[in-house]
Amino acid sequence: MNETPTRDFIRQIIHDDLESGKHDGIVTRFPPEPNGYLHIGHVMSICLNFGVAEETGGITYLRFDDTNPGKEDKEFVDAIEADVHWLGFDWQDRLTNASDYFGQLYDAAVRLVEMGLAYVDSLTAEETREYRGTLTEPGRNSPYRDRPVEENLDLLKRMRAGEFGDGEHVLRAKIDMASPNMNLRDPALYRIRHVSHQHTGDAWCIYPMYDFAHSLSDAFEGITHSLCTLEFEDHRPLYDWFLDQLKPEHRPRQIEFSRLNLAYTITSKRKLSELIGEGHVAGWDDPRMPTIAGMRRRGYPAPALRDFVRRAGVTKKDKLIEMSMLENSVREALGDAAERRMAVLKPLKVVLTNFPEGQVETMDAMNHPNDPSRGTRTVPFSRELWIEQDDFMEEAPRKFFRLKPGGEVRLRSAYIIQCDEVVKDDDGNVIELRCSYDPETRSGMPKSDRKVKGTIHWVSAEHAVDAQVRLYDRLFTVPNPNTADDYHSVLNPDSLETVAAKLEPALGELAAGEAVQFERLGYFAIDSRDDRADARVFNRVVTLRDSWAKIEKAAMAAEQGGS
RNA sequence: UGGGGCGUAGCCAAGUGGUAAGGCAACGGGUUUUGAUCCCGUGAUUCGCAGGUUCGAUCCCUGCCGCCCCAGCCA
């Protein structure tokens with residue numbers, strides 16, 4: 001897997017800044033708000049910020065943007081740290097919080113007041129909205145806008161001292177109420193919130209707003225390039241305004257790139273949280289969730305996620321990337337890494353009528369057919385086997401290479417068998433196949449290379465390990481659930497199917513965290529939450545590509561086309 | 001109808017004055033004891049549209065069209 005990034009427009013700017021000597025080293029930051037779990041969109045930002053620093057020998061801060069106590073939680077802090085580490089990045093001792101700078105931020109606010117560039121406003125929230133104007137009409141100055149500096153200073157000190165209730169006053173920058181850029185219409189700098197903060201406790205009852213805190217925190221940390229998403233583009237004039245007025249030692253530059261959206265998913269923290277609350281998924285780490293925790297539990301390898309965002313690229317164009325691109329990265333990573341095993345998801349009994357009762361043979365199966373150096377494992381073989389229901393068809397089309405009445409098929413790493421008799425229950429359902437095996441066709445024997453069209457997987461019934469296997473599909477039925485009137489209406493009711501599977505014995509001892517390929521089916525990983533030694537639980541990471549499914553689908557479409 | 005962005009194949013994405021890289025998907029074919037992997041091959045007379053400048057434009061200019069973001073004391 002190629003992890004070398006192409007030089008996107010941001011890396012080009014950084015390259016140029018190093019070349020020109022504008023900067024001697026690069027400093028970036030990943031600044032999540034700890035109010036939810038990280039998702040696939042954040043992976044892009046993490047890889048960009050940490051990646052760009054790694055590539056240039058620079059450094060990256062993990063800074064929690066904790067300016068809004070009440071919405072933020074320690075659980076999210078811990079999850080975010082775990083997720084960033086798991087993705088493969090290390091901030092070393094550079095873990096900071098916006099709250100670390102509350103003192104400096106307050107001093108900066110006082111300075112703005114002293115410079116006549118900020119004032120305490122006493123309008124209500126509703127009044128403020130009315131005064132702000134609209135997209136097409138300018139706003140009006142607040143009647144409190146021209147309070148004298150001394151009065152502002154006094155009021156600000158008393159706000160900080162806790163003399164006022166929530167919402168009574170707010171500190172605002174004095175910029176331009178007629179600006180076509182709404183962000184410049186005297187934005188709020190501080191609001192009163194009598195809420196204790198996870199880090200600062202009750203030391204403060206006024207908290208800084210994002211724009212003010214972010215711009216200055218970047219400056220305090222010596223961030224050279226502050227990379228964020230497109231919706232902050234028209235905040236940049238404000239970001240720069242703080243730097244222009246306060247002239248901190250370091251001057252960071254904000255650069256915006258487009259968010260990464262994945263088809264058939266949503267990344268709104270609010271909606272994700274609702275899915276959990278309403279019980280549509282089991283939690284933030286449900287394997288169907290587009291969260292890092294969910295994808296990890298599902299079994300996506302971290303390198304696959306990194307590869308995926310590298311291939312998606314960094315640009316300013318809105319993107320909605322197809323699921324197949326992510327799946328390709330996952331399959332590519334697992335194709336090399338995962339050892340092969342056999343498992344039957346929907347079992348159908350096969351009895352080998354000419355195989356001695358009670359006899360057990362031991363087959364050698366390759367752990368990785370594309371890499372013989374990874375050795376073999378033994379698989380028991382006996383008179384009664386399980387095969388996949390889908391691998392038998394009573395009335396099969398010509399192109400069906402699997403088992404059919406009177407037909408032959410090869411059992412992977414074992415013998416060639418022939419289907420002699422189909423046993424049905426009273427309702428006509430096929431419940432058992434009576435077959436005969438050809439003793440001369442055992443894998444490795446001279447006659448084993450006899451030409452047989454199909455090869456299917458199997459598990460010896462008496463040796464099979466029972467397991468629950470969870471088959472996941474996309475969470476939504478439409479590519480862009482965000483455009484639906486109500487995303488609930490496009491939830492995929494079949495996003496999870498649970499089956500009672502039969503596994504080859506070796507899978508009973510598989511270590512957690514190790515993904516394997518169930519041959520002909522897909523990649524599977526042990527569920528980190530529900531698996532037990534005596535009750536195995538596997539998650540399907542992703543299916544294998546399936547050209548037979550395509551042929552079937554095409555055939556069905558042709559039939560319906562009514563020729 | 002204010003401001004800020006963006007428009008290159010179904011989805012991503014290079015190229016930015018010299019005659020359209022690459023990946024994913026799709027579709028053919030070959031190898032194969034996974035209908036997997038692997039390998040080979042197929043796609044833009046054209047870069048949102050219309051004019052203009054130029055010997056020559058995806059790239060420069062003008063106009064138009066479409067999509068996204070902004071009216072939290074959220075981030």
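Order of the sequence lines fixes the chain letters, A, B, ..., with proteins taken first and strands second; residue numbering starts at 1 for each chain.
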Q. Which part of the nucleic acid does A:Y190 contact within heavy-atom distance under 4.0 Å: base, sugar-phosphate only, or nothing?
A. nothing
Q) Nucleotide by nucleotide, 5' to 3', does protein get under 4.0 Å of the base (B), only the sugar-phosphate (S), or neither (-) in nucleotides 26-38 of chain B, counting heavy atoms? A) SS-----BBBBB-
Q. Would you call the rings of A:H42 and A:H39 parallel, tilted or perpendicular if under 30° counts as parallel and over 60° as perpendicular?
A. tilted
(Q) For A:I192 and A:E137, find the nucleotide of RNA chain B closest to each by heavy atoms; which residue's nucleotide sits nearer the 5' end? (A) A:E137
Q) On a whole-Å scale, what distance lies between the C1' atoms belonging to B:rC6 and B:rU58? A) 15 Å
Q. Can you list, by residue number, the residues of residues 315-328 of chain A that have a non-hydrogen atom closer than 4.0 angstrom to RNA chain B?
A. A:T315, A:K316, A:K317, A:D318, A:K319, A:L320, A:I321, A:E322, A:S324, A:M325, A:N328
Q.
For a quick check of understanding: with a heavy-atom distance under 4.0 Å over all strands, which category does A:L238 fall into, base, sugar-phosphate or nothing?
A. nothing
Q) A:H235 near the nucleic acid: base, sugar-phosphate alone, or nothing, with a heavy-atom cut-off under 4.0 Å? A) base
Q) Among residues 172-182 of chain A, which residues get a heavy atom nearer than 4.0 Å to RNA chain B? A) A:P180, A:M182
Q: Please measure how far the C1' atom in B:rC74 lies from the corresponding atom in B:rA13, and state the result in whole Å.
A: 34 Å
Q. When you compare B:rC68 with B:rG29, how far apart are their P atoms, in angstrom units rounded to a whole number?
A. 42 Å
Q. Is any side-chain N or O of A:R132 closer than 4.0 Å to OP1 or OP2 of B:rC73?
A. yes
